[in-house]
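To start, the structure under review is shown below, and the notes come after it.
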Amino acid sequence: MASTLSEESRDSLQIVLPGDLLPATESSFNEDSASAPIIKLGPGLQPLQDDTISAVKAGVLKHAEVGNRWWVESNQRRYVAAPGESVIGVVVGKTVEHYKVDIGAAQTALLGVLAFEGASKRNKPNHEIGTLLYCRISLANKDMEAELECMNPTTGKSDGYGDLKGGFVFKTSLGLARRLLDPKTLILRILGQHIPFETAVGMNGKVWINSANAKHTILICNAIKNSEFLSQEECVTMVKGLVDRL
Amino acid sequence: MREAEPSTNEREFVLAALKEGARIDGRKFYDFRTLRLSFGSDYGAVEVQLGNTRVLAKVSCEVIRPFPDKPTEGFLTFNTELSPMASSAFEVGRQTDEEVLVSRLIEKAMRRSRALDTEGLCIVAGEKVWSIRVDIHFLDHDGNLVDAACIAAITALLHFRRPDVTVVGEDVTIHTLEQRNPVPLSIHHIPICISFAFFDNGERVLVDPTYLEEQIKEGDMTLTLNVHKEVCAMSKAGGIPMELDQILQCTKIAVVKVTELTALIQEALEADAKKRQVSRK
């Protein structure tokens, strides 16, 4: 199946299902292997023992020339932690050394009490249970609780991570959250033309919105939630309709 | 895993928005979410979608022997299943307080209000009666499970057709659906639950609370009414104390809502009946 697919739609959408081997990409792997033998596999792909590559998620196969990266773009609702991703979580527990943070994954994640900018044993931030935190996943292994940090490990600066004050947070699908992270996302641009607001998007599907008043925040939240399956024109009319009703 | 409490930000935002007269999904205080009813291919299977809350109800029947002290009465049983599919807060095999409350409320609303004529389920007195069983599955939990389940249960009962029976002397024949048209159950009235959530010491009353609103509320109350303005059941388990006039106010709101919902249910049933007639031709 995949061989016919690859000839017809080399550059267009290629959909893979879990278990699909990727001979479609094999030729390009081989071509590249002479010059650049390194292939980077992203989410949804896994190498098998015989050097073929198998999809482990259903979605659209994507490729970036830079670094010869391949990955599967899919959509799901349950978050699976991956290192380096920014997430929004809620503090649900506290121990001497860690905060327990709910990031919407199967287990809570651990955030060291010293993993903040400028934190020392004497002087460290104190977050109550229920605090909303924007943090980065530093370690995520299978069958283990993920570990979080609220600073850039190389510079020790906060880089915008830390607690989120005020505003409102809502849950979307992971696919939409990933799209919202793109600064060119249409829905955020259209909304920005009408209402000024702040936002933080977590890869775990949590989106934080803050604006001057509650009604604006509600409007923005609903507009983003509605936008998931709308085309560009529909997005424009939807936002216009919502703003006019305000 | 227990579902996490909402963050302080969410809690404060919801309360602040309510003070400004706004709800997080853009509804007015007394608005229901959009209700969608879809019917399965066989009789008595209904899926209710109330916003993001989804409930599936399936009615089935069998012939059994009645209790000796009530020889002419049929059975009506409800079976509620809150699986982890609805929310990770639910676990298999361990009933939470909420689960018990939901199933008790449905039982109270449906059975104790005598919505179904159980005497009409008798085939041979003391020998054979119909036992009607309603299975209610919760597929997605976004608040107000009781109302959605109640609508699902009563719509499923209204939609259900049991096989026709003929009794000649001692002989009972149960006709298959192909032999004879199945017969509907005799339902006296349509009880509908309306749930309220209270905020600010009962100052603010919300109809059809979402999951987040349910987590933050100060108190709740569920009223069961029918279209004839009869209160069938009322349940207030804990929460803040209420004044008499607040309860009366809620009943007034509920009457309006029940009328709307009943009309919606009947419309959906008629549309489905028409569709079935067309497909049979």
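Any value given below was found using the heavy atoms of this structure, including those in side chains, with hydrogens, waters and symmetry copies removed. In what follows, every chain begins at residue 1, and chains take the letters A, B, ... in the order their sequences are listed.
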Any idea which heavy atoms bring [X] and [Y] closest together, and the distance?
| X | Y | answer |
| --- | --- | --- |
| Lys215(A) | Glu20(B) | NZ-O, 3.7 Å |
| Ala17(B) | Ile218(A) | CB-CD1, 4.0 Å |
| Gly26(B) | Asn222(A) | N-ND2, 3.8 Å |

(request) Show your reasoning for whether side chain to side chain contact (heavy atoms under 4.5 Å, CB included) applies to Phe13(B) and Val169(A). (result) CA-CA 9 Å; Phe13(B) 182 83; Val169(A) 72; over 6 Å; no
Taking atom [atom1] of [X] as the centre, report whether more than 12 heavy atoms of other residues, nucleotides or ligands fall under 6.0 Å from it.
| X | atom1 | result |
| --- | --- | --- |
| Gln46(A) | CD | no |
| Asp97(B) | CG | no |
| Arg276(B) | CZ | yes |
| Arg104(B) | CZ | no |
| Glu267(B) | CD | no |

(message) Sort by residue number and list every residue of residues 79-100 of chain A having at least one heavy atom under 4.5 Å from chain B.
(response)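 Residues of residues 79-100 of chain A touching chain B at under 4.5 Å: Val90(A), Val92(A).
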(request) Indicate yes or no: at least one non-hydrogen side-chain atom of Phe170(A) is less than 4.5 angstrom from one of Ile24(B). (result) no
(request) Indicate yes or no: at least one non-hydrogen side-chain atom of Ser88(B) is less than 4.5 angstrom from one of Arg78(A). (result) yes
(request) Answer with side chain, backbone, both or neither: which region of Leu219(A) has an atom nearer than 4.5 Å to a non-hydrogen atom of chain B? (result)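 The answer is neither part of Leu219(A).
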(request) Answer with side chain, backbone, both or neither: which region of Lys165(A) has an atom nearer than 4.5 Å to a non-hydrogen atom of chain B? (result)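 Just the backbone, heavy atoms under 4.5 Å.
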(message) Under 4.5 Å from any heavy atom of chain A, what part of Glu12(B) do you find: side chain, backbone, both or neither?
(response)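 Contact with chain A is absent: no heavy atom of Glu12(B) under 4.5 Å.
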(request) With a 4.5 angstrom heavy-atom cut-off, could you sort out which part of Arg23(B) is near chain A: side chain, backbone, both or neither? (result)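 The backbone, not the side chain.
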(request) Ignoring hydrogens and angles, tell me if any N or O in the side chain of Asn9(B) forms a donor-acceptor pair with the backbone of Gly167(A) under 3.5 Å. (result) no
(request) Kindly compute the distance separating CD (Glu5(B)) from CD1 (Ile129(A)), expressed to the nearest 0.5 Å. (result) 10.0 Å
(request) Can you measure from CG (Leu133(A)) to OG (Ser7(B)) and round to the nearest 0.5 angstrom? (result) 10.0 Å
